[in-house]
Amino acid sequence: MGAAKLNAGLFAGAAAHWPERFHRQAIRLKSSPRRALGIFMAVLVVGTMAICLATPLASNATMLLMDRSNFIPAQSSIFSFEPYVINDGSSNYWLYGQDRTYYYHFTYQDDAPYLYIPRKNACAGFDRADVRTWCSASRGIPH
């Protein structure tokens with residue numbers, strides 16, 4: 001009889017803890033969407049920071065917002081265009097830029113605002129910062 005009483009007491013004690021255990025599990029289930037949202041937001045923030053640091057996106061966005069004469073050539077994108085010569089005057093527009101495929105030169109002309117040439121070209125004496133050395137450059141599309 002002592003063993004039966006002991007087992008009944010253990011069972012009753014375990015049964016008394018079930019509601020608490022189920023309650024804790026229910027709380028965990030309710031916080032699961034919050035946890036998932038928090039993880040998603042952290043991944044989103046880290047991903048955005050990585051894109052901004054690994055690409056010229058932030059500097060291009062700033063350049064476009066600061067000076068209305070700036071633009072990104074149609075053949076390029078805000079993620080890949082990198083100016084490498086900037087005007088020294090009161091406006092900070094790009095004079096020469098590049099991406100993975102082309103070099104670009106801002107021309108100041110309305111009908112062809114820029115010239116572009118493949119990075120892999122056969123121009124003798126080619127200097128990416130001197131448009132006079134660019135052979136067979138293409139005219140850019142007005143924006």
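One-based numbering along the sequence shown.
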- Could you pull out the closest heavy-atom pair between Ile78 and Leu64, with the gap in Å? CD1-CD1, 3.9 Å
- Taking it one step at a time, do Ile72 and Asn60 satisfy side chain to side chain contact (heavy atoms under 4.5 Å, CB included)? CA-CA 8 Å; Ile72 303 293; Asn60 282 341; 4.0 Å; yes
- Under the side chain to side chain contact (heavy atoms under 4.5 Å, CB included) criterion, do Tyr84 and Trp94 qualify, and how do the steps go? CA-CA 8 Å; Tyr84 57 87; Trp94 61 272; over 6 Å; no
- Among Arg139, Gln75, His105, find the one that has a side chain to side chain donor-acceptor pair (under 3.5 Å) with Tyr114. Gln75
- Would a 4.5 Å heavy-atom cut-off, applied to side chains only, mark Lys120 and Thr101 as touching? no
- Item | Side chain proximity check, Tyr104 to Asp99, heavy atoms < 4.5 angstrom | yes
- Got a sec: does the CG of Asp111 have more than 12 other heavy atoms crowding it under 6.0 Å? yes
- Scan side-chain atoms only and decide if Tyr103 and Asn121 contain a donor-acceptor pair under the 3.5 Å cut-off. no
- Query: Is Phe79 atom CZ crowded by more than 12 heavy atoms from other residues, nucleotides or ligands, each under 6.0 Å away?
  - Reply: no
- Query: Between the side chains of Tyr96 and Glu82, is a donor N or O closer than 3.5 angstrom to an acceptor N or O?
  - Reply: no
- Sub-4.5 Å side-chain heavy-atom contact between Phe81 and Pro73: yes
- Message: With a 6.0 Å cut-off (strictly less than), is the heavy-atom count around CZ of Phe40, excluding the residue itself, greater than 12?
- Response: no
